[in-house]
2 protein chains.
Amino acid sequence: MKKITINDVAKYAGVSKKTISRVLNSEPNVSQDTKTKVHHAIKVLGYQPNPQARALASNQSLLIGLLYASQSNSFVSKIQVGALKRCKNDGYNLIIYPEDHESDLLLENLEKGLINTNLDGLILTPPFSDMKPLLSFLETRQIPFVRVGGDQSLNQHPSVYSNDKEASYEMCRYLISLGHQRIAFIMGHPDHAASKQRLLGYQQALDEASIKPIDDYIQQGFFTFESGEHCARKLLTLSRRPTAIFASNDYMATGIVKVAAQMNLFIPNDLTVTGFDNAPASRYIWPSLTTIKQPITEMAFEAARILIRIIRQKPIENPNIIFKDELIVRESSAPAPKLD
Amino acid sequence: MKKITINDVAKYAGVSKKTISRVLNSEPNVSQDTKTKVHHAIKVLGYQPNPQARALASNQSLLIGLLYASQSNSFVSKIQVGALKRCKNDGYNLIIYPEDHESDLLLENLEKGLINTNLDGLILTPPFSDMKPLLSFLETRQIPFVRVGGDQSLNQHPSVYSNDKEASYEMCRYLISLGHQRIAFIMGHPDHAASKQRLLGYQQALDEASIKPIDDYIQQGFFTFESGEHCARKLLTLSRRPTAIFASNDYMATGIVKVAAQMNLFIPNDLTVTGFDNAPASRYIWPSLTTIKQPITEMAFEAARILIRIIRQKPIENPNIIFKDELIVRESSAPAPKLD
DNA sequence: TCATAAAAAGACACCGGTGTCAATTTCTAA
DNA sequence: TTAGAAATTGACACCGGTGTCTTTTTATGA
């Protein structure tokens, strides 16, 4: 299965390669007749011009740089900094593909983008890390890739994880150690594999502490602020109100904080609220959130390292690396209030 | 001033180009003697291998893709989505350069990165948009670039702005319309040109409303949460306490919200707080922040459009486009309380 | 109908490196 | 001293396109 080149197209269409080039670049002086022939040949053979050859011949890279301050602390920025640090070291550059993960055209877009860039490899972040159709697409295309985060059961592919379940477990242990018994949990978006892991950690901790699970204490959220608000309203109007709510991410936790304030519940004295992810907002809101910090930059760095080894066909010692999350205690958690 | 190629180096060193290639890729079977000669020649001539030629010959792009969910609403993500939307359309790809803007090695890093990528152009975001040494570096290197945001007095270079001064002015008009007379202002980081513009808008609005400026009401912040806290403490302990505080960005505004809560001041009834930037946190905190939204994605899109025209040497109609910011009123602002 | 111009298509070198294989030089051992 | 092996170096094709110039075909007008 060799790559189709301009020569193949020329041969198929029965014209010179320069004519193909003319059609490709919509230069003048090509008859409608030949244009049609060429387009047909391109379609039949599935020809995609090689961007590197083009760059060399035309003295244009077709690359535009985007310079921005690395100090930003958003997820996107962190993962880029980490991955790039390693790539630079090995002479690689990072091309970005922000894509709508809910779009039906995803695979199609990607196909266009990846192929006409001649990528050496790809780093996947959630929720792309868990999209099986995408993974098999990359496999058949033989594009090397590494997953960051996501579903650990997909570990037949090289992946870098942080241990969501364990971190969630630890958070709950911490809450229990503060004396909480009525601990509610807000689940994350079902598309993200992490959601399930975080739930499992919660359940295990409660189970080990012999706290009977209560169905009403587990609510389905979607990682958004609004879903956090919604679940919080449900939880805080229960007759047997929880004394602590652990949300699967910080955005939802901030939603709880808002609802609590509206209900005149004082955090952390009346209610403990904790989140996950150490989002920027978790530091900025008041009270600041107790949360879990994932080593995002480090994970991306490691992912890039593995990917480069795969590209170079060097052996990789351990294709599934698990990083440890960290519990960050801030103002939103306190010992459980005495219940009547 | 032609580009130095491998042939030049070969000629200078008096060996074949294949030998240069051997040294470059540290292949075996090169005598120490020739190695030295070649390294010397490379140094003298300032030779940098052409990545596109290399890619074509070795069938490797040296490019790694990073796939991530475009839904993220951080600044970094927004600007990337906007720029890329345009670039894709014209067959360009986006390579990212997250750099530490406070590093002394910035220019050096950039030189390495940009040259060995053969970039066609560069998009600058704040605070890089305002770094004169960087701008002149790019000019002498003849790398086309477009500035996004930043100092409008640097408009001899193609730039895309949003009107910080006007937006700031509008925010203050809004506060005045709510009956506020004691309006304090927290300045942004002095490295960012926007900081000055935002201050000017504040001053103009107060001036037009014949509100006497008070020195103590203007504090120097640094765009960080902590600096917001610090300034808020100063402002809220003044004997003649302001009834509204306008912070130059949302992070500082969230700092104010925290301090206010600690001082048992109820927002917005006792104190109006407003920010700037429409950062994610501005929606998530309680009360949510009245702020200014900049059309970041649109600006980046336009910047890419201009850049591509420059690269293609097409005329650009207007090399300095100004976008309009938008006032977003949320929960943190209310009519001024009656003063005794 | 034919000279001439305009349009269309092709030939071929070239972009700047790498891969293959042959040629040359150096080293080793008889 | 010299054959033979090993190390070093070079010649040249090639990667897959584009640019320049030439040739061929088609259209135009006298």
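This is a predicted model, so every value here is computed, not measured. Per chain, numbering begins at 1; letters A, B, ... match sequence-line order.
The shortest distance between the side-chain N/O atoms of B:Arg54 and the OP1/OP2 oxygens of C:dG16 is not below 4.0 Å. The phosphate of C:dA9 (OP1 or OP2) has a side-chain N or O of A:Ser31 nearer than 4.0 angstrom. Remark: A:Ser21 is not in phosphate contact with D:dG17, judged by side-chain N or O atoms under 4.0 Å from OP1 or OP2. Remark: A:Thr34 is in phosphate contact with C:dA9, judged by side-chain N or O atoms under 4.0 Å from OP1 or OP2. Residue B:Ser16 has no polar side-chain atom (N or O) positioned under 4.0 Å from OP1 or OP2 of D:dT9.
Side-chain contact check for B:Gln80 and A:Gln80: at least one donor-acceptor pair (N or O, by modelled atom type) lies under 3.5 Å. Looking at A:Ser153 and A:Asp151, their side chains do bring a donor and an acceptor atom within 3.5 Å of each other. B:Arg86 and B:Tyr92 form no side-chain donor-acceptor contact under 3.5 Å, judged by distance and modelled atom types alone.
What separates CD of B:Glu27 from P of C:dT18 is a distance of 8 Å, to the nearest Å. In this structure, A:Leu24 atom CG and D:dG17 atom C1' are separated by 9 Å, rounded to whole Å. If you take CG of A:Asn29 and P of C:dA8, they are 5 Å apart, rounded to a whole angstrom. One atom, NZ of B:Lys18, and another, C1' of D:dT9, lie 11 Å apart when rounded to the nearest Å. The interatomic distance linking B:Ile42 (CD1) with C:dG16 (P) rounds to 16 Å, in whole Å. Rounded to an integer number of Å, the gap from A:Lys3 NZ to D:dG16 P is 9 Å. One can place CG of B:Asp33 at 13 Å from C1' of C:dT25, the figure rounded to the nearest angstrom. Rounded to an integer number of Å, the gap from A:Ile6 CD1 to D:dG19 P is 11 Å.
With hydrogens and angles ignored, a donor-acceptor pair closer than 3.5 Å exists between the side chain of A:Lys17 and the base of D:dG17. Scanning atom types as modelled, one donor and one acceptor separated by under 3.5 angstrom connect the side chain of A:Arg22 and the base of C:dG10.
Relative to the side chain of A:Thr5, the nucleotides C:dA9, C:dG17, D:dG16 differ in distance, and D:dG16 lies closest. The listed nucleotides are D:dG16, C:dG16, D:dT9; the one nearest the side chain of B:Thr19 is D:dT9.
Using a 4.0 Å heavy-atom distance criterion, A:Asn25 is classed as a sugar-phosphate-only contact. If you check every strand for non-hydrogen atoms under 4.0 Å, B:Asn50 touches sugar and phosphate atoms only.
Residues B:Tyr161 and B:Arg147 are in side-chain contact: their nearest non-hydrogen atoms beyond the backbone lie under 4.5 Å apart. Using a 4.5 Å heavy-atom threshold, the side chains of B:Tyr97 and B:Asn109 count as separate.
Salt-bridge annotation for A:Lys88 and B:Glu99: present, with a side-chain N of the basic residue lying under 4.0 Å from a carboxylate O of the acidic one. With respect to the salt-bridge test (charged N to carboxylate O, under 4.0 angstrom), the residues B:Arg305 and B:Asp90 do not qualify.
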side-chain contact (heavy atoms from CB on, under 4.5 Å) between A:Ile306 and A:Val160, worked out: CA-CA 9 Å; A:Ile306 294 179; A:Val160 176; 4.0 Å; yes
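Recorded end-axis angle for the helix from C:dT1-D:dA30 to C:dA30-D:dT1 stands at 40°, based on five pairs per end and rounded to 10 degrees.
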